[in-house]
Protein chains: 2
Amino acid sequence: MNVNRGKRIRRTPEEARSLILSTAARRLAEHGLDGLSISGVAKEAGISHATIIHHFGSTEAMRAALLQQMTGQLLSDVVEALHEDQLPDEILGRLFTTLSRDGHGRLLAWLALDRQQLEPGENQTAALFRNIIDTIAVDGVDRTDAKLQVLLVATAAMGLSICGDPLAALIGLDESETSRFPGWLAARLQTLKSE
Amino acid sequence: MNVNRGKRIRRTPEEARSLILSTAARRLAEHGLDGLSISGVAKEAGISHATIIHHFGSTEAMRAALLQQMTGQLLSDVVEALHEDQLPDEILGRLFTTLSRDGHGRLLAWLALDRQQLEPGENQTAALFRNIIDTIAVDGVDRTDAKLQVLLVATAAMGLSICGDPLAALIGLDESETSRFPGWLAARLQTLKSE
DNA sequence: GCCTCTATTGACATTCATGTTAATAACATT
DNA sequence: AATGTTATTAACATGAATGTCAATAGAGGC
C-alpha cells in the first residue's frame with residue numbers, strides 16, 4: 001500500500017490505467033467481485049478514487065475494461081496453447097488445461113453470474129471454437145459429437161476452477177489424484193474418438 | 001409487490017421466515033448475490049427491512065439460512081434421484097441431471113465464489129459421494145477412476161448450469177443438440193466403464 | 001522563466017444498505 | 001374487557017460507495 005505524503009506522482013494515462021487495472025485484477029482474485037469498488041481499488045493502489053473516475057469514467061466502465069483485458073488474455077492464451085501442437089489428439093487436453101489455469105474459469109463464471117448473459121461480439125471466440133471443432137471432427141468423428149466434447153471440456157474446466165478443491169476433498173481425492181484429472185480426461189476423450 | 005395501506009399483517013415466526021426466504025431465493029435466481037440485501041428482499045416481500053433483522057438477526061444470518069435451506073434441498077434432491085434407480089449404470093447420469101437442474105450448480109458456484117471456501121461439516125455430502133463411488137467401483141472399476149468420473153460429472157454439471165447457454169451458443173450447438181448433452185455424457189461414461 | 005495542458009486530489013452531495021430503538025398493533029389468554 | 005406477548009414498523013444514526021467540481025501541481029513547450 002503506497003503512502004504518498006504530500007508529493008503527487010504524475011503518470012502517463014497508459015501508466016495510470018495499467019496501475020489501476022493490475023490492482024483491480026489482484027483484488028478480483030483475492031476478494032471476488034466485491035473487491036472491484038473504485039474506493040477499494042484506489043486505496044490499494046495508493047491513489048484517490050477520483051483518479052479512477054477520471055481515467056475510466058465510472059466504476060462500471062473500469063470493470064468492463066478489466067474484464068475485456070482479461071478475456072483478451074484468456075483468448076490469446078488459448079490460441080497460443082493450441083498453436084503449439086496441432087495434433088488433434090491433444091487439442092482438447094490443452095484446451096482444458098488452459099481454461100482451468102490462472103483462474104480463467106473463475107473469470108468466466110464471474111462474468112456469467114454478474115451480468116446475466118455474456119455480451120455478443122465474441123466473434124473471435126466463436127471462430128476459435130469452430131476451429132477446434134473442425135480439427136477434431138476430421139477423422140470420422142460426428143460433428144455434433146465433437147461439439148459435445150468441446151462443451152464437456154469447457155464446462156468441466158469452468159467447474160473445476162470454481163469449486164475444484166472443495167469438490168475433490170468431498171469426493172475423497174487427494175492432491176496427487178486430482179492433479180491427474182486433466183490427463184485422465186484427455187486420455188478418455190481420445191478413447192472416445194478412436195472407437 | 002404487496003402494498004399494505006395502513007393495516008399490518010401479523011404472521012407466525014415460521015410464516016415470516018418462510019416468506020422472507022422464498023422471496024430471497026427468487027431474488028437470488030433473478031439478480032444474483034446482489035439481490036440478497038435485506039432492503040431489496042424486504043421491499044419485494046412487502047415488509048420492512050427491520051422485520052428481517054428481527055427474524056434473522058442480521059443480513060449475513062439471513063443469507064446463511066437461505067444457503068443452508070438450499071443446500072439441504074439440493075442434497076435431498078440428489079438422494080431421492082439416486083434412490084429411484086440403484087443401477088450403477090445410471091447413477092452418474094442421474095447425478096449430473098440433478099446437479100445441473102434448478103440452478104443447483106449455480107448455487108454451488110455462488111457459495112464457492114462468495115465465501116472463499118466451502119465450510120466443513122458437510123459430512124452427509126461426503127458420505128453421499130462415498131456411497132456413489134462405492135456403487136460405481138464395484139464392477140472392476142479402479143477406485144481412483146470412479147472418483148475422477150464423479151469429479152467430472154460434478155464439475156461439468158456446475159459449469160453447465162453457470163455458463164451452459166452462452167457456451168453452447170459459442171460452440172454452435174443448437175437447442176436440440178444441447179438437450180442431448182446429459183444423455184450423451186451418461187452414455188459415454190458407461191462406455192468407459194465397460195472397457 | 002513563463003505558459004499551457006491535464007493528471008491528481010480534497011471536499012462535497014447523494015444515494016443506498018445496515019442496524020438500533022422505541023412505539024404500535026395484532027392476537028391469545030384470562 | 002383487560003392484559004401480556006411479540007411481530008411489525010417508522011424514525012434515526014451510521015458508514016460505505018459513487019460521482020461532481022473546483023483547485024492544485026507535475027511536466028513539457030515556448
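Computed from heavy atoms alone, side chains included, the values below leave out hydrogens, waters and symmetry copies. Lettering follows sequence order; numbering is per chain, from 1. From a predicted model like this one, the values you see are computed outputs, not experimental measurements.
- The distance between atom CZ of A:Arg17 and atom P of C:dT8, rounded to the nearest whole Å, is 12 Å.
- Between the CD1 atom of B:Ile38 and the P atom of C:dT20 there is a distance of 10 Å, given to the nearest Å.
- Whole-Å rounding puts the B:Asp34 CG to C:dT15 P distance at 20 Å.
- Taking every side-chain heavy atom of B:Ala50 into account, D:dA10 is the closest of D:dA10, C:dG10, C:dA25.
- Every side chain to side chain contact (heavy atoms under 4.5 Å, CB included) that A:Ala42 has, sequence neighbours left out, goes to A:Ile47, A:His49, A:Ile52.
- For the residue pair B:Thr23/B:Glu44, the side-chain donor-acceptor check at 3.5 Å is not satisfied.
- For C:dT18, neither phosphate oxygen OP1 nor OP2 lies less than 4.0 angstrom from any side-chain nitrogen or oxygen of B:Ser58.
- Listed candidates were D:dT20, D:dA10, D:dT6. Nearest to the side chain of B:Ser48 is D:dA10.
- Residue A:Lys7 contributes atom NZ, which lies 17 Å from atom P of C:dT8 at whole-angstrom precision.
- Contact between the side-chain N/O atoms of B:Ser37 and the OP1/OP2 oxygens of C:dC16 is not found at any separation under 4.0 Å.
- Between D:dT8, C:dT8, D:dT18, one nucleotide has an atom nearer to the side chain of B:Arg11 than all others, and that is D:dT8.
- Among the nucleotides C:dT8, D:dA7, D:dA17, the one closest to the side chain of A:His54 is C:dT8.
- Put simply, the side chain of B:Leu151 reaches to within 4.5 Å of the side chain of B:Thr155, judged on heavy atoms.
- Taking a cutoff of 4.0 Å between a charged side-chain nitrogen and a carboxylate oxygen, B:Arg180 and B:Asp174 do not qualify as a salt bridge.
- Applying the ring pair (Phe, Tyr, Trp, His ring centres under 6.0 Å) criterion to B:Phe181, with sequence neighbours excluded, gives B:Phe96, B:Trp184.
- Going from atom CG of A:Leu19 over to atom C1' of C:dT8 covers 13 Å, rounded to whole Å.
- Comparing C:dT24, C:dA17, D:dA10 by their nearest atom to the side chain of B:Arg8 picks out C:dT24.
- Under 4.0 angstrom from either OP1 or OP2 of C:dC16 there lies no side-chain N or O belonging to B:Ser39.
- Between A:Arg10 and A:Thr59, the one whose closest nucleotide on DNA chain D sits nearer the 5' end is A:Thr59.
- The distance between atom NE2 of A:His31 and atom C1' of D:dA17, rounded to the nearest whole Å, is 16 Å.
- Atom CZ in A:Phe56 sits about 11 Å away from atom P in C:dT8, given to the nearest Å.
- Here the nucleotide nearest the side chain of B:Ile53, chosen from D:dA7, C:dT20, D:dT20, is C:dT20.
- One interatomic measurement links the two molecules: CD1 of A:Ile47 to P of D:dA25, which rounds to 19 Å at whole-angstrom precision.
- At D:dA16, none of the side-chain N or O atoms of A:His49 fall inside 4.0 Å of OP1 or OP2 (strictly under the cut-off).
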